[in-house]
Amino acid sequence: MTINFTESEERQALRRAVADLAGKYGHEYFTAKAKAGEKTDELWAEAGELGYLGVAVPEEYGGGGGGIGDLAAVCEELARAGCPLLLTVVSPAICATIISRFGTAEQKRRWLPGFADGTTKMAFAITESDAGSNSHKLATAVHRDGDEWVLGGGKSYISGVDEVEAVMVVARHVDATGQRLLPSLMIVPTTAPGFTYQHIPMEVLSPEKQFTCFFDDVRLPADALVGSEDAGLAQLFAGLNPERIMAASFATGMARRALDQASEYARTRTVWDTPIGAHQGIAHPLAQCAIQVELARLMTQKAAALYDAGEDRAAGEAANMAKYAAGEAVAGAVDQAIQVHGGNGLSSEYGLGAMLAASRLSRIAPVSREMILNFVAQHTLRLPRSY
């Protein structure tokens with residue numbers, strides 16, 4: 001396949017349009033909502049109404065008919081403008097993509113139009129406290145009971161449960177003998193009896209909260225299953241590769257914002273009659289950060305192009321590399337931006353301190369840097385598996 005190193009005019013126009021929208025709201029709006037415990041409903045609704053959240057949903061369901069690269073551009077520009085909406089990584093990227101690829105005709109009619117216009121939000125639940133990064137050890141299980149499914153177990157660090165209509169849950173099937181089979185995907189309404197959730201307080205300043213979810217014999221209809229019950233990890237990673245691509249764009253958008261602020265400050269902050277940006281001790285570290293951010297953006301572009309071309313295996317490798325590179329780049333960029341600002345770097349006025357925890361999170365979630373290094377060592381370098 002051919003990968004262009006410049007984006008199409010359509011995607012560049014999309015970036016400009018999203019940047020204009022997000023600029024109307026900005027970092028101050030986002031921070032005020034987070035501190036007040038409120039949601040960014042106005043921004044989400046307007047982005048949905050303008051079609052930005054549904055750019056990757058098929059046209060027949062009201063979407064833009066684009067690819068994950070288009071949605072990643074939306075995510076990146078929102079983050080650069082100071083409005084990093086975490087649910088863009090989850091709802092239109094993971095959930096809508098999985099339903100679009102594997103859902104039944106009825107599931108597509110039921111869910112995709114809402115994803116397209118932003119009126120539907122869905123969370124995604126895979127992480128478990130005792131399983132960590134080992135998806136083979138998931139304890140949440142589902143079994144048949146007549147015409148229904150019965151779901152039991154729990155999930156941790158699930159984003160946005162308090163503002164979504166349903167959660168797509170990864171659960172292992174249990175057969176009549178009690179044997180655990182392959183994992184699959186279940187759509188669970190947040191109003192389902194037996195489904196409860198508890199807020200996890202976080203130091204990250206965000207309107208989108210984290211939750212522990214509990215499934216106490218939650219009964220679900222037969223059509224709650226998305227795709228095949230024996231599809232296993234292959235179907236799951238059809239959603240997780242877009243998650244990594246979106247997480248990379250989320251991080252590079254945040255990194256670009258930090259560099260924008262640091263560069264402006266270095267151009268205008270004058271000490272001894274000289275802008276501090278004229279000193280190599282300031283300029284060179286910022287230049288190094290800029291290079292790392294652009295390299296991460298380029299790998300993200302490659303991963304998105306491979307995924308949109310249907311090259312799932314190659315996209316998985318590139319998406320993991322992009323996520324790693326972006327996590328390192330944003331952590332470095334935010335840290336350096338704070339250093340450039342001196343004491344101002346941790347003042348509320350500049351907003352960089354609030355970015356510190358969020359940028360650090362990019363090296364942990366949705367997959368840790370260590371697990372990505374394990375993946376690259378094993379699959380790219382063909383080294384012996386270390387775990």
Inset, instruction - Check step by step if side chain to side chain donor-acceptor pair (under 3.5 Å) holds for Ser129 and Ser156. - result: CA-CA 6 Å; Ser129 298; Ser156 297; 2.7 Å; yes
Inset, instruction - Test the Arg144-Trp149 pair against the cation-pi criterion, namely NZ or CZ under 6.0 angstrom from the six-membered ring centroid and within 45° of the ring axis. - result: yes
Legend entry - Cation-aromatic face contact Lys39/Trp44, 6.0 Å, 45 degrees: no
Legend entry - Side chain Tyr307, main chain Ala238, donor-acceptor under 3.5 Å: yes
Inset, instruction - Determine yes or no for a side-chain-to-main-chain donor-acceptor pair under 3.5 angstrom, with Glu49 supplying the side chain and Glu46 the backbone. - result: no
How close do [X] and [Y] get, heavy atom to heavy atom, and via which atoms?
X	Y	result
Val218	Ala192	CG1-CB, 3.8 Å
Ile245	Thr300	O-CG2, 3.7 Å
Leu220	Pro189	CD2-CD, 4.1 Å
Leu240	Ile126	CD1-CD1, 4.3 Å
Ala96	Leu112	O-CD2, 3.7 Å
Pro207	Glu163	O-OE2, 4.2 Å

Legend entry - Audit row: Asp260, Arg80, salt bridge (charged side-chain N to carboxylate O under 4.0 Å, His left out) steps and yes/no: CA-CA 9 Å; Asp260 287 345; Arg80 187 187 187 186; 2.8 Å; yes
Inset, instruction - Give me the one residue out of His173, Arg172, Glu229 that meets side-chain hydrogen bond (donor to acceptor under 3.5 Å, both in side chains) with Ser184. - result: His173
Legend entry - Step-by-step side chain to side chain contact (heavy atoms under 4.5 Å, CB included) determination, Val170 to Thr140: CA-CA 8 Å; Val170 182; Thr140 299; over 6 Å; no
Inset, instruction - Start with the C-alpha distance between Lys108 and Glu60, add both sets of side-chain angles, then the distance that settles salt bridge (charged side-chain N to carboxylate O under 4.0 Å, His left out), and finish with yes or no. - result: CA-CA 10 Å; Lys108 292 177 182 179; Glu60 62 184 297; over 6 Å; no
Inset, instruction - Verify the distance criterion only: is there a donor paired with an acceptor across the side chains of Gln235 and Ser228 at less than 3.5 Å? - result: no
Legend entry - Short side-chain donor-acceptor distance under 3.5 Å, Ser386 and Asn374: yes
Legend entry - ring-ring contact (aromatic ring centres under 6.0 Å, His included) involving Tyr25 - partner list, sequence neighbours excluded: Tyr29
Legend entry - Pairwise side chain to side chain donor-acceptor pair (under 3.5 Å) hits with a residue in residues 337-360, at least two apart: Tyr265-Asn344
